[in-house]
Amino acid sequence: DWCYKTEPEAGLNDRSLGYARGKVLGGCSSINAMIYMRGQKSDYDHWAQLGNRGWSWDEVLPVFRKSEDYQHGSDEYHGVGGELKVQERRVNWEILDAWREAARESGIPKIREFNRGDNFGSAYFQMNQNRGTRWNARKAFLDPAKKRKNLTIITEAQVEKLGFKKTLSGIRCKDLSVITRSGKETFHARKEIILSAGAIGSPQILQLSGVGPANILEQNGVKTNLNLEGVGGNLQDHLQIRTIFKVQNTVTLNQKVNSLVGLAKMGLEYFLLRQGPLTMPPSQLGAFARSSGNQNSPNIEWHVQPLSLDKFGQPLHKFDAITPAVCNLRPSSRGHVHIKSSRPEMHPKIALNYLSTEEDQLVAIEGLKFTRKIMGANALKRFGPTEWLPGIDAQSDSELLEAARNLGTTIFHPVGTCKMGSDEKAVVDDRLRVRGIQGLRVIDASIMPTITSGNTNAPTVMIAEKGAQYITKDYE
């Protein structure tokens, strides 16, 4: 983990959040929640409407299918034989089945899965696993290729900056300076350099290299090679509001973890059968809905967990509880990533500006109200749910907004800081080439013009596949 921290967030009552990013082969796919979620048809059709050719739902669906190895076989939405394994959960919870029924009572239908373009409904998440074990990008794509003669993998190495040269046709990216265990090394590119350091790392490397907003570069003593205003801007993320409800007459992960017998049983289930709680991501059940009638498509999502804790990294509670965490899928708040130093080892400034728009504040309030509606449904009554957080004292809209500010936290889905497009703030074109620089592409979640509806790892793999196709075609 890079162990980033956000700036104090005014919208979260000046709290600073830990902001995990994978500092390991496979990147965030090696530390994420393993959920395979493409987003919705409308996400990609919107990208295309912004002028990005080749990025509509109908055009990206074959790319999703190409990389997929789907547990249930091939159909018009899924593929088999690809590198990325997509499989079902290997553990069941009575309380989650009941929550799903409560959602149905509240107007959210049960559906088979979320990866067919319209996510309205509730279903169990599909995951990037192989028989209960994480299946990350390293296992899927890097390991099968690591013996190739044209591939060298260097670990424990940090990019210092990119090098450029001016030619008759413009600026060209020529090399890459890297700090390794052996010292500083420079790698020269014959054709292109591909930047895939993620929504935090990619804009940081560009800015350290003199590509970005000139005022930010000058403040940090970096010579401007190209004044590209959009680098580091347009930062988007999903803010989850983690409500907690105590339950009874059932078993949750809290009970199992706080029992020696429960821990022993979990260990045996995993090692003997590759089943049980040790195979599960934190969230197993999801639901998508519209927060109000004004929305054209589902704009809120629940990640429902059969557990509870005060904050990430802390012990589970001693009492049985569940955490239906609701998030705004299409936030209008925008943040930024800016360097604070010319030194590559210095973490950049990460400012999300959560809940900085009235629209996002309203969706947070509506999401909390909808969560309470589900928790009050008949299907859950036998479990006697009692609201622990935010607590029944929060009733008015202003009190619910304050609760959202106190409970809100990241789901670790930063995107958009090197956005794709043709407007003045776009960083890459629709073939992922950095605008104004030859021989340089960005291929990662930072190129998303707007955030997708759900977990962002599957869309990032799709972006990588598209980028590979563009590169291959350009050098045929």
Side-chain angles (χ1 to χ4, degrees), residues 21-32 34-39 43-44 47-48 52-57 59-70 78-79 81-86 115 127-128 134-146 148 150-151 153 159 176 189 191-203 205-206 412-421 427-434 439-452 454-475:
R21 300 282 86 199
K23 191 180 183 181
V24 62
L25 291 177
C28 291
S29 73
S30 299
I31 65 171
N32 69 3
M34 297 178 283
I35 293 173
Y36 182 79
M37 178 70 66
R38 294 171 175 172
D43 300 332
Y44 303 100
W47 291 8
N52 296 300
R53 300 160 298 178
W55 293 90
S56 70
W57 170 258
E59 291 166 304
V60 301
L61 179 58
V63 187
F64 278 114
R65 293 183 71 248
K66 177 183 182 296
S67 64
E68 187 180 22
D69 190 13
Y70 188 55
H78 293 286
E83 298 89 348
L84 198 63
K85 294 185 180 296
V86 178
N115 290 309
M127 294 172 288
N128 293 131
R134 177 184 297 275
W135 192 256
N136 61 6
R138 191 212 82 209
K139 292 178 182 178
F141 299 98
L142 191 58
D143 284 356
K146 65 184 179 182
R148 293 180 185 174
N150 63 346
L151 173 65
I153 301 170
V159 172
L176 180 72
K191 293 182 178 178
E192 291 190 10
I193 288 176
I194 303 165
L195 192 53
S196 300
I200 307 301
S202 286
I205 291 170
L206 286 173
F412 307 104
H413 296 165
V415 306
T417 49
C418 298
K419 80 166 187 173
M420 172 175 60
V427 177
V428 300
D429 65 14
D430 54 20
R431 296 179 74 84
L432 310 184
R433 298 170 296 199
V434 175
L440 179 62
R441 295 188 208 235
V442 179
I443 306 180
D444 57 33
S446 71
I447 68 93
M448 295 187 192
T450 52
I451 196 167
T452 52
N455 305 70
T456 51
N457 185 67
T460 302
V461 172
M462 180 275 293
I463 289 166
E465 286 278 9
K466 288 277 283 185
Q469 291 176 2
Y470 290 141
I471 294 167
T472 301
K473 190 168 183 63
D474 285 351
Y475 293 100

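All residue numbers refer to positions in the sequence shown, counting from 1. Note: hydrogens, waters and symmetry copies are ignored here, and every other heavy atom, side chains too, is used.
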Asks: Can any side-chain N or O of T456 pair as donor or acceptor with the backbone N or O of P414 at less than 3.5 Å?
Replies: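 Here the side-chain-to-backbone pair does not exist.
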
Asks: Indicate the atoms forming the closest heavy-atom contact of A464 with I443, along with that distance.
Replies: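 Scanning both residues completely, I find the closest heavy atoms to be CA-CG2, 3.6 Å.
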
Asks: Looking at every heavy atom in both M37 and G454, which two are closest together, and how far apart are they?
Replies: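 Here M37 and G454 meet closest at CG-CA, 3.8 Å.
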
Asks: Any side-chain donor paired with an acceptor under 3.5 Å for T452 and D43?
Replies: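 The criterion, which ignores hydrogens and geometry beyond distance, is not satisfied for D43 and T452.
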
Asks: Indicate yes or no: at least one non-hydrogen side-chain atom of V24 is less than 4.5 angstrom from one of N136.
Replies: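 V24 vs N136: side chains apart.
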
Asks: For N128 versus I35, what's the shortest heavy-atom pair and its separation?
Replies: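 So the minimum-distance heavy-atom pair works out to OD1-O, 4.3 Å.
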
Asks: Heavy atoms, side chains only, cut-off 4.5 Å: are E83 and D69 in contact?
Replies: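 Counting from C-beta outward, E83 and D69 never come under 4.5 Å.
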
Asks: Is there a donor-acceptor contact under 3.5 Å from the side chain of R65 to the main chain of H78?
Replies: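 Answer holds: yes.
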
Asks: Answer whether the closest heavy-atom distance between the side chains of I194 and I471 falls below 4.5 Å.
Replies: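 Yes, side chains in contact.
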
Asks: Is there a side-chain contact (heavy atoms from CB on, under 4.5 Å) between D430 and W55 once you walk through the steps?
Replies: CA-CA 8 Å; D430 54 20; W55 293 90; 4.0 Å; yes

Asks: Is a side-chain N or O of S67 found less than 3.5 angstrom from the main chain of G82, in a donor-acceptor match?
Replies: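 Flag not set: sc S67 to bb G82 has no pair under 3.5 Å.
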
Asks: Which of these, K85, M34, M127, sits in a side-chain contact (heavy atoms from CB on, under 4.5 Å) with R134?
Replies: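 Result: among K85, M34, M127, M34 is the only option passing the side-chain contact (heavy atoms from CB on, under 4.5 Å) with R134.
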
Asks: Can you tell me how far apart CG (L176) and CD1 (I205) are? Round to the nearest 0.5 Å.
Replies: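 Those atoms lie 7.5 Å apart.
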
Asks: Name the orientation class of the two ring planes belonging to Y36 and F64 (parallel below 30°, tilted from 30 to 60°, perpendicular beyond 60°).
Replies: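 Aromatic pair Y36/F64 classed perpendicular.
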
Asks: I need the minimum non-hydrogen distance between G198 and S446, along with the two atoms involved.
Replies: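 The pair with the smallest heavy-atom distance is O-CB, 4.1 Å.
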
Asks: Is L151 close to L142 at the side-chain level, that is, under 4.5 Å between some pair of heavy atoms?
Replies: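 A side-chain contact under 4.5 Å exists here.
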
Asks: Once side-chain hydrogen bond (donor to acceptor under 3.5 Å, both in side chains) is applied, do any residues pair with E465, and if so which ones, sequence neighbours excluded?
Replies: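 Partners of E465 under the side-chain hydrogen bond (donor to acceptor under 3.5 Å, both in side chains) test: K66.
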
Asks: Sub-3.5 Å donor-acceptor pair from the side chain of S29 to the main-chain atoms of A137, do we have one?
Replies: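 Yes, S29 side chain to A137 backbone: donor-acceptor pair under 3.5 Å.
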
Asks: Could you go through the side-chain contact (heavy atoms from CB on, under 4.5 Å) check for N457 and V461 one step at a time?
Replies: CA-CA 6 Å; N457 185 67; V461 172; 4.3 Å; yes

Asks: So which heavy atom on C418 is nearest to which on V428, and how close?
Replies: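 That would be O-CG2, 3.7 Å.
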
Asks: Are the side chains of M420 and L432 in touch, meaning some heavy atoms are under 4.5 Å apart?
Replies: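 M420 reaches L432 side chain to side chain.
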
Asks: Do the side chains of M448 and I463 get nearer than 4.5 Å, heavy atoms only?
Replies: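 Yes - at least one pair of side-chain heavy atoms lies under 4.5 Å apart.
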
Asks: How long is the span from the OH atom in Y70 to the CG atom in L84, to the nearest 0.5 Å?
Replies: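 Rounded to the nearest 0.5 Å, the OH-CG separation comes out at 13.0 Å.
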
Asks: If you compare all heavy atoms of E192 against all heavy atoms of A189, which two are closest, and at what distance to 0.1 Å?
Replies: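 Distance-wise, the nearest heavy atoms are O-CB, 3.8 Å.
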
Asks: Once rounded to the nearest 0.5 Å, what's the spacing between atom CZ of R38 and atom CE of M462?
Replies: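 It comes to 10.0 Å.
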
Asks: Distance-only, no hydrogens or angles: does the K191 side chain make a donor-acceptor pair with backbone N or O of Y475 under 3.5 Å?
Replies: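 Checking the backbone N and O of Y475 against the side chain of K191, no donor-acceptor pair under 3.5 Å is found.
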
Asks: Out of curiosity, K139 NZ to S30 OG, how far, rounded to the nearest 0.5 Å?
Replies: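 Answer rounded to 0.5 Å: 8.5 Å.
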
Asks: Does a side-chain N-to-carboxylate-O contact under 4.0 Å join D474 and R431?
Replies: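 A salt bridge is present here (some side-chain N lies under 4.0 Å from a carboxylate O).
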
Asks: Checking the side chain of S196 only, and the main-chain atoms of D444 only, is there a donor and an acceptor separated by less than 3.5 Å?
Replies: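 No: the side chain of S196 does not pair with the backbone of D444.
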
Asks: So, using ring pair (Phe, Tyr, Trp, His ring centres under 6.0 Å) as the criterion, who are the partners of Y470 when residues are at least two apart?
Replies: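 By the ring pair (Phe, Tyr, Trp, His ring centres under 6.0 Å) rule, Y470 matches no residue at all.
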
